[in-house]
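Numbering of ligands and ligand atoms starts at 1, following listing order.
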Amino acid sequence: MSEVKDLKKNLFYERTKAWDKLTDKQIEESKTINDGYKKFLDKSKTEREFVFNTIKLIEKNGYVSLKDVYLNKQPLQIGDKVYLESNEKTIALAIIGKQPLNSGINMVGAHIDSPRLDLKPLPLYEESDIAMLKTHYYGGVKKFQWVATPLAIHGVIYKANGEKVEIVIGEDEKDPIFVISDILPHLAKDQYTKKIGEAITGESLNVIIGSIPISDDDSTDKVKLTVMKLLNEKYGITEKDFINAEIEIVPAGKARDVGIDRGLIGAYAHDDRVCSYIGLKAILDAGIPNKTSILYLSDKEEIGSVGNTGAQSDFLEYFVSILTTLTSKENKDINVKDVLYNSIMLSADVNAAFDPNFKNAYEANNSTYLGRGVGIMKYTGSRGKSGASDASSQLMYKVTKLLDENQIIWQVGELGKVDQGGGGTIAKFAAKLGIEVVDVGIPLLNMHAPLELASKVDIFMTYLAFKVFIQS
Ligand code: MN
Ligand code: MN
């Protein structure tokens with residue numbers, strides 16, 4: 001009998017439960033990491049806010065803008081810390097390692113955009129004495145999750161005089177919040193007969209912003225006028241200025257602990273700000289690495305990594321090419337392609353944790369689970385791996401060996417059952433540059449919902465994973 005037990009122990013693969021493995025010291029460290037994450041997330045609810053807070057944090061830690069370095073044509077030295085941002089919506093940072101750049105760069109690449117409702121260019125209108133804002137949803141949202149729930153307004157407006165106005169309303173306890181209405185169950189006969197994906201339409205995602213008509217005026221649109229008057233008093237804007245704005249409607253409120261044991265964090269936009277923040281924390285804590293390290297925080301992943309701030313853009317290659325030029329003073333023959341082809345990226349994105357309420361969507365053997373450590377996805381994509389960047393077995397070996405050697409709890413999985421759906425990450429766009437890449441990140445429940453759930457121990461293990469990878 002015990003022989004069989006031994007055989008099993010030696011031959012079978014067992015998933016490890018990460019909470020069981022934490023030392024007392026690690027429990028403390030995990031608390032610090034997770035508390036820091038919640039704080040950062042609460043003030044970073046758009047990609048712009050994330051970039052702004054990233055710059056603030058890294059400048060405090062000795063990072064300087066590469067644009068300044070480049071202008072002064074200073075060569076970069078070992079240990080130098082630099083960053084480059086573009087359009088206030090994407091940013092890359094690097095710490096120069098001990099080895100020359102053509103030995104490759106260790107990169108962590110995540111995305112800082114999240115599903116949300118954007119305001120249309122001319123959003124404000126009034127109907128039945130309610131002033132509302134028209135929205136256009138961004139990314140994969142289940143529309144029915146966005147009605148009858150507290151919302152906040154975040155964004156920027158460029159006024160006629162060129163001044164940039166930043167708006168955040170709905171996060172402070174004293175602020176008002178905003179809401180999209182839903183039909184009461186008593187009158188929902190028509191809605192109940194619809195497919196769930198059609199029960200709330202895109203054009204009905206109109207946000208209530210006001211309800212008091214302006215007095216001493218008997219014209220129409222008196223509530224709309226109240227709203228515009230208040231906005232004008234506070235921000236100096238007129239209706240036309242909405243055209244020069246990027247304003248996002250996001251769930252109001254802070255990240256909260258979930259469960260009586262506080263094992264989970266519930267928050268809007270874990271996808272993918274959790275990997276973004278953890279990557280940031282890891283590179284700041286890693287010290288001077290052997291190989292140069294990059295953290296790349298991309299935009300527009302949720303709509304296909306398009307645009308000049310998305311991962312399909314030239315931005316990462318541009319960043320690497322400047323680093324190559326500025327570190328090549330004595331080593332003139334370093335070519336940016338050599339650097340990229342020798343580099344490795346952990347494409348840091350969340351993945352779908354097995355959900356006991358929806359077992360049928362998953363294949364239990366090949367799912368990631370809450371609390372079982374950092375998730376590794378060899379490939380994503382849909383149907384016959386369409387759209388996947390399938391990591392090589394060599395790279396899988398390299399990454400899993402590194403994690404094992406450092407006692408970091410990891411798990412492997414894929415996104416649900418075959419033919420159940422699917423999705424992608426920035427991995428394939430990094431791969432296109434010649435970078436060896438694999439998806440590594442934190443399993444979530446409720447992905448893309450206004451309240452996503454992540455396990456604190458998985459967040460901590462992912463932090464450790466990114467840190468040892470940067471140091472490797
Ligand atoms: Mn993502
Ligand atoms: Mn996503």
Side-chain angles (χ1 to χ4, degrees), residues 37 41 44-47 50-51 54 89-91 107-118 137-143 145-146 197 248 250-251 255 265-280 295-307 309-313 316 345-353 355 361 367-368 370 374-382 387-389 391 413-416 420-431 437-455 458-459 462 465-466:
Y37 168 52
L41 188 62
S44 309
K45 295 184 90 168
T46 67
E47 58 280 28
F50 203 106
V51 167
T54 297
K89 296 199 281 191
T90 182
I91 186 166
M107 304 182 186
V108 174
H111 69 92
I112 53 176
D113 64 315
S114 297
R116 61 183 189 246
L117 308 179
D118 285 337
Y137 67 95
Y138 171 97
V141 303
K142 284 169 135 180
K143 300 181 191 88
Q145 293 177 332
W146 289 73
E248 304 178 12
V250 299
I265 297 176
Y268 162 67
H270 281 318
D271 179 10
D272 182 32
R273 294 180 191 145
V274 65
C275 295
S276 299
Y277 175 79
I278 289 306
L280 190 55
L295 174 71
Y296 170 43
L297 302 178
S298 71
D299 179 31
K300 297 285 186 281
E301 193 276 340
E302 297 294 355
I303 58 168
S305 295
V306 290
T309 53
Q312 294 203 58
S313 76
L316 180 61
M345 180 188 279
L346 301 184
S347 164
D349 208 341
V350 297
N351 48 61
D355 186 339
S367 287
T368 55
L370 290 186
V374 52
I376 304 177
M377 314 279 277
K378 187 175 183 298
Y379 48 83
T380 57
S382 44
S389 168
E414 63 173 67
L415 191 68
Q420 181 71 29
T425 64
I426 67 165
K428 60 182 171 183
F429 307 117
V437 59
V438 59
D439 283 299
V440 174
I442 292 152
L444 295 188
L445 286 182
N446 297 0
M447 194 195 294
H448 282 205
L451 190 81
E452 300 178 318
L453 299 178
S455 166
D458 299 334
I459 293 173
T462 305
F466 291 170

Might you work through the side-chain hydrogen bond (donor to acceptor under 3.5 Å, both in side chains) test for Asp349 and Thr425, ending with a clear yes or no? CA-CA 7 Å; Asp349 208 341; Thr425 64; 5.4 Å; no
His448 atom (N/O/S) at minimal separation from the Mn ion (ligand 2): NE2
For the Mn ion (ligand 1), decide whether Asp349 has an N, O or S atom at a distance under 2.8 Å. yes
Check: His270 ring centroid to Tyr37 ring centroid under 6.0 Å: yes
For the Mn ion (ligand 1), the closest N/O/S atom belonging to Asp271: OD1
Do Glu302 and Asp271 have side-chain heavy atoms sitting under 4.5 Å apart? yes
Which atom pair, heavy atoms only, marks the closest approach of Gly266 to Leu451? C-CD1, 3.8 Å
Do NZ/NE/NH1/NH2 and the carboxylate oxygens of Arg116 and Glu47 come within less than 4.0 Å? yes
Counting backbone and side-chain atoms alike, is an N, O or S atom of Glu302 positioned under 2.8 Å from the Mn ion (ligand 2)? yes
Residue His111, metal the Mn ion (ligand 2), N/O/S under 2.8 Å: no
